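These numbers were taken from a predicted model, which means no experiment stands behind them.
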Amino acid sequence: MATADTEAVRAYYESIDADDYESVFSLFADDVTYERPGQSNLSGMDEFREFYLEDRPLEDGDHEIHDVVAEGDTVAVRGEFAGTQGDEAVSFGFADFHRFDEGGQITERWTYTDRDEV
């Protein structure tokens, strides 16, 4: 049975904020799926890498984590992101969910925000 790993999820946000994308990718399974309601879903590591390296509209930002809750194979996170999107300074709340596979990697991820695109 897969077990949720809160430290891996915290490492995800630290790595994103440090622009350390190879560390980010190492946390995720090759068959990762990433769903962002209202936007295209990502499927597989190639699409996931392309999104983070070329298409992610957010940059120069930091995540402030308010809550991290684990149950079974899933970690839920509530927090706030502050950074830039295009030429605009942005700050918004988010809720993320990360599901782990039996190998200890994140295999599914969901992001919910009040922004149209993240």
Side-chain angles (χ1 to χ4, degrees):
M1 180 176 171
T3 303
D5 184 347
T6 58
E7 292 307 310
V9 171
R10 288 183 184 279
Y12 162 80
Y13 295 103
E14 291 170 9
S15 297
I16 286 292
D17 292 348
D19 294 330
D20 182 2
Y21 293 107
E22 291 308 315
S23 291
V24 170
F25 302 142
S26 73
L27 298 169
F28 290 84
D30 287 339
D31 63 350
V32 61
T33 59
Y34 183 17
E35 296 183 22
R36 301 160 297 146
Q39 300 171 74
S40 298
N41 294 338
L42 305 175
S43 182
M45 184 54 72
D46 289 342
E47 288 184 12
F48 194 72
R49 286 180 72 88
E50 182 178 347
F51 171 75
Y52 277 101
L53 296 176
E54 299 175 23
D55 299 332
R56 185 171 180 250
L58 301 172
E59 54 190 324
D60 299 325
D62 293 300
H63 292 84
E64 181 180 341
I65 305 304
H66 300 302
D67 296 297
V68 177
V69 179
E71 183 172 324
D73 63 358
T74 303
V75 175
V77 178
R78 183 182 68 86
E80 186 171 330
F81 174 83
T84 58
Q85 184 170 2
D87 294 330
E88 176 186 359
V90 295
S91 179
F92 57 87
F94 67 87
D96 287 337
F97 297 84
H98 306 81
R99 180 170 292 148
F100 286 79
D101 65 15
E102 291 185 11
Q105 292 186 301
I106 302 167
T107 190
E108 294 176 89
R109 175 171 157 77
W110 299 268
T111 294
Y112 301 91
T113 73
D114 59 359
R115 304 272 309 166
D116 292 336
E117 187 175 326
V118 297

Closest approach of [X] to [Y] (non-hydrogen atoms, all atoms of both residues):
X	Y	result
Val32	Phe28	CG2-CD2, 3.6 Å
Ser26	Ser23	OG-O, 2.7 Å
Asp17	Gly61	OD1-O, 3.4 Å
Val68	Thr6	CG1-CG2, 3.8 Å

Measure the spacing between OG1 of Thr113 and CG of Asp96 and express it to the nearest 0.5 Å. 9.0 Å
Just by distance, with hydrogens left out, do [X] and [Y] show a side-chain donor and acceptor under 3.5 Å apart?
X	Y	value
Tyr34	Thr111	yes
His66	Arg78	no
Asp73	Thr3	no

Pair Ile16, Arg56 - check side-chain contact (heavy atoms from CB on, under 4.5 Å), show working. CA-CA 11 Å; Ile16 286 292; Arg56 185 171 180 250; 3.7 Å; yes
Please list all pairs meeting side-chain hydrogen bond (donor to acceptor under 3.5 Å, both in side chains) that have one or both residues in residues 40-50, counting only residues at least two apart or in different chains. Glu22-Arg49
Does the ring center of Tyr13 lie less than 6.0 Å from the ring center of Phe94?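 Yes, close enough.
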If you group Ile, Leu, Val, Met, Phe, Trp and Tyr by side-chain heavy-atom gaps below 4.5 Å, do Val24 and Met45 land in one group? yes
Grouping I, L, V, M, F, W and Y whenever their side-chain heavy atoms are under 4.5 Å apart, do Ile106 and Tyr21 come out in a common cluster? yes
Does the pair Thr107 and Thr33 meet the rule for a side-chain contact (heavy atoms from CB on, under 4.5 Å), with working shown? CA-CA 6 Å; Thr107 190; Thr33 59; over 6 Å; no
In terms of ring plane angle, is the pair [X] and [Y] parallel, tilted or perpendicular, where the classes change at 30° and 60°?
X	Y	answer
Phe92	Phe81	tilted
Tyr12	His63	tilted
Phe97	Tyr112	perpendicular

Note, Asp31 side chain near Phe48 side chain (heavy atom, < 4.5 Å):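 Heavy-atom side-chain distance check fails, nothing below 4.5 Å.
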Report yes if the side chains of Arg10 and Ile65 come closer than 4.5 Å at any heavy-atom pair, otherwise no.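 Arg10 vs Ile65: side chains touch.
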Starting from the C-alpha separation in whole Å, work towards a yes-or-no answer on side-chain contact (heavy atoms from CB on, under 4.5 Å) for Glu7 and Val9. CA-CA 5 Å; Glu7 292 307 310; Val9 171; over 6 Å; no
Is the terminal nitrogen or CZ of Arg36 (NZ for Lys, CZ for Arg) located under 6.0 angstrom from the six-membered ring centre of Phe51 and within 45° of that ring's axis?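 Yes, Arg36 sits over the ring of Phe51.
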Steps toward side-chain contact (heavy atoms from CB on, under 4.5 Å) verdict (Thr84, Val90): CA-CA 5 Å; Thr84 58; Val90 295; 5.8 Å; no
